[in-house]
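Below, chain A is the first sequence line, B the second, and so on; all start at residue 1.
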Protein chains: 2
Amino acid sequence: MSLVAATPTSVRPNTQPFRPAGNPSEMFAGCPELVGTPFNYARETEIYGEGETAEFVYRIVSGAVRTCKILADGRRQINAFHLAGDLFGFEPGEAHRLTAEAIADTKVLLFSRRSVQDLANRNVEAARRLWNSTLQNLEDAEDHMLLLGRRTALERVAAFLLTIEKRLGGNRCVELPMSRRDMADYLGLTIETVSRSMTQLQSKRAIALSGARHLVLDARLINKCLDD
Amino acid sequence: MSLVAATPTSVRPNTQPFRPAGNPSEMFAGCPELVGTPFNYARETEIYGEGETAEFVYRIVSGAVRTCKILADGRRQINAFHLAGDLFGFEPGEAHRLTAEAIADTKVLLFSRRSVQDLANRNVEAARRLWNSTLQNLEDAEDHMLLLGRRTALERVAAFLLTIEKRLGGNRCVELPMSRRDMADYLGLTIETVSRSMTQLQSKRAIALSGARHLVLDARLINKCLDD
DNA sequence: CGGGTGATTGAGCCCGCTCAACTCTCGTGG
DNA sequence: CCACGAGAGTTGAGCGGGCTCAATCACCCG
């Protein structure tokens with residue numbers, strides 16, 4: 001679910017280690033009856049809201065999605081970003097526990113929750129893949145709890161950049177799909193602190209920014225920045 | 001996995017809402033071949049370490065367990081507390097991603113990871129229960145990320161006390177199984193801040209402490225404390 | 001060229017951390 | 001019975017990292 005997840009797409013070489021049975025792009029392989037309905041969401045529109053009945057499971061074809069929780073006073077915590085190839089929208093109960101919104105214009109494939117459940121009940125292999133996918137999400141959540149509970153602002157931003165670079169192909173070049181506000185709400189910081197941390201990394205030559213969204217990073221120098 | 005999970009035991013009435021198929025105490029019902037081997041862990045001993053090969057899945061009979069991650073410099077984040085009835089030790093890969101330690105003297109039932117996997121491959125119903133159990137853990141992790149990323153110290157301690165009271169039977173009376181250090185490392189705070197928050201709640205009559213581990217709480221007054 | 005949005009930078013403050021002293025409890029032994 | 005020590009918890013004083021509030025800058029689109 002979150003940044004650590006493998007996100008192979010058809011247009012990008014998969015530089016991730018092989019994930020047995022947890023690979024979203026193979027999730028419904030050999031299940032021709034589960035083809036998925038294409039659908040589009042515009043930038044900054046809600047896909048589903050917290051508390052709504054969970055009707056669909058989603059697989060991203062292109063674009064990016066955030067899932068988050070929002071407190072009554074407006075404080076927001078983004079739990080995960082989902083990129084092309086990722087699956088999201090599973091729920092243990094009938095209702096969605098998170099809100100999902102498109103960060104950019106996003107194409108998805110819809111699968112009815114019921115049909116996915118039915119498939120899992122019939123097909124042991126599919127059930128195992130769904131389970132492993134959920135376990136992968138849990139693992140990512142565990143890493144994120146460590147980040148939110150015990151890491152400094154600079155460590156959070158550095159870890160975020162390293163992880164998303166890996167997800168986007170690992171060629172040191174990153175086109176951030178999300179705003180500073182989204183990064184801040186994912187990392188448990190304010191936009192100002194995110195910005196200052198980025199500036200700090202840039203002044204140490206660990207990253208090079210060209211525009212707010214495009215950057216080139218040096219993993220070795222980023223890690224060196226954390227040692228002082 | 002964490003504090004929101006239902007934890008019915010045979011000696012305590014279940015005051016939780018019914019959780020279809022996710023109930024740990026029924027997890028292996030109807031599977032007499034999966035009986036589990038009793039085992040004991042003394043207080044403050046390691047059950048398994050991060051990175052070790054995952055051989056077993058554990059179900060707690062009595063006692064309490066924490067699972068955590070530790071950084072090289074000693075910073076620790078506890079992901080979850082497990083009480084009687086809880087299942088823990090699932091892993092998506094071959095290796096444990098967390099360290100598990102007994103908080104108190106703890107009796108568990110061991111199930112070999114392989115036999116659990118085999119059961120899930122044969123028995124669709126068991127697979128569904130395991131999947132739902134993992135989804136429940138993920139849901140708890142999502143709640144905890146909001147707490148760690150966006151809540152104040154007082155809110156964290158208040159939420160923790162309310163949740164653990166519910167898990168321990170919901171009769172307003174709590175015998176904390178863990179130390180202040182464990183609470184702090186779960187809530188992303190220091191022991192001093194946890195202590196000060198408890199004192200603050202006590203001065204508002206929202207909780208009554210008798211000894212560090214025993215307390216009676218008033219849910220309404222706790223929520224009122226958060227409004228100023 | 002403006003207007004609008006998002007990002008950066010600056011100044012000052014505050015919540016939670018650090019460091020340290022003190023208290024409480026409990027177990028052990030004279 | 002008290003003395004003592006060890007470990008856990010509480011309290012206090014002061015600091016500092018990240019937040020708040022505000023101004024400025026950069027980049028789009030018209």
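- D86(B) places a side-chain N or O within 3.5 Å of a backbone atom of L83(B) that can act as its donor or acceptor partner.
- The backbone N or O of L217(A) lies less than 3.5 Å from a partner atom in the side chain of R172(A), making a donor-acceptor pair.
- Using modelled atom types, no side-chain atom of S195(B) and backbone atom of I191(B) make a donor-acceptor pair closer than 3.5 Å.
- Rounded to a whole Å, the CG atom of L215(B) is 16 Å from the C1' atom of dT10(D).
- Rounded to 10 degrees, the angle separating the terminal helix axes of the helix from dC15(C)-dG16(D) to dG30(C)-dC1(D), each built from five base pairs, is 20°.
- Results of the salt bridge (charged side-chain N to carboxylate O under 4.0 Å, His left out) test with R113(B) over E94(B), E52(B), E55(B), E91(B) single out E94(B) as the only residue that passes.
- Across the protein-nucleic acid pair, L201(B) atom CG and dT10(D) atom P stand 12 Å apart, rounded to whole Å.
- Atom CD of Q202(B) and atom P of dG9(D) are 15 Å apart (whole Å).
- Checked against dG12(D), dT9(C), dT10(D), the side chain of R180(B) finds its nearest nucleotide in dT10(D).
- In this structure, the side chain of R75(A) engages the main chain of R150(B) through a donor-acceptor pair within 3.5 Å.
- For the pair H214(B) NE2 and dG9(D) P, the computed distance is 16 Å after rounding to whole Å.
- Checking Q136(A) against N132(A) by side-chain atom types alone, no donor-acceptor pair falls below 3.5 Å.
- Atom CE in M198(A) sits about 16 Å away from atom P in dG6(C), given to the nearest Å.
- For E192(A) and dG12(C), the CD to P distance is 17 Å, given to the nearest whole Å.
- In this model, no side-chain donor or acceptor of R213(B) finds a partner on the base of dG9(D) within 3.5 Å.
- Checking side-chain atoms of H144(B) against main-chain N and O of Y186(B) turns up a donor-acceptor pair under 3.5 Å.
- With hydrogens and angles disregarded, a donor-acceptor distance shorter than 3.5 Å links the side chain of R156(A) to the backbone of L187(A).
- The distance between atom CZ of R150(A) and atom P of dG18(D), rounded to the nearest whole Å, is 13 Å.
- Between the R180(A) side chain and the A212(A) main chain, a donor and an acceptor come within less than 3.5 Å of each other.
- Distances shorter than 4.0 Å separate none of the side-chain N or O atoms of R181(B) from OP1 or OP2 on dG9(D).
- A salt bridge does not link D143(B) with R151(B): none of the charged nitrogens is closer than 4.0 Å to a carboxylate oxygen.
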Contacts under 3.5 Å, N or O only, protein and nucleotides 13-16 of chain C:
from    : atom 1 : to      : atom 2 : distance (Å)
dG16(C) : OP1    : A153(B) : N      : 2.9

What are the atom names and distances for every N/O pair under 3.5 Å that joins the protein to nucleotides 26-30 of chain D?
none

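- In this structure, the side chain of E101(A) does not engage the main chain of I47(A) through any donor-acceptor pair within 3.5 Å.
- Following rounding to the nearest Å, L209(B) (CG) and dT23(C) (C1') show an atom-to-atom distance of 15 Å.
- Within the 6.0 Å centre-distance limit, the rings of Y48(B) and Y58(B) are counted as a close aromatic pair.
- Contacts of R156(A) with the nucleic acid, taken as non-hydrogen atoms under 4.0 Å apart, are absent.
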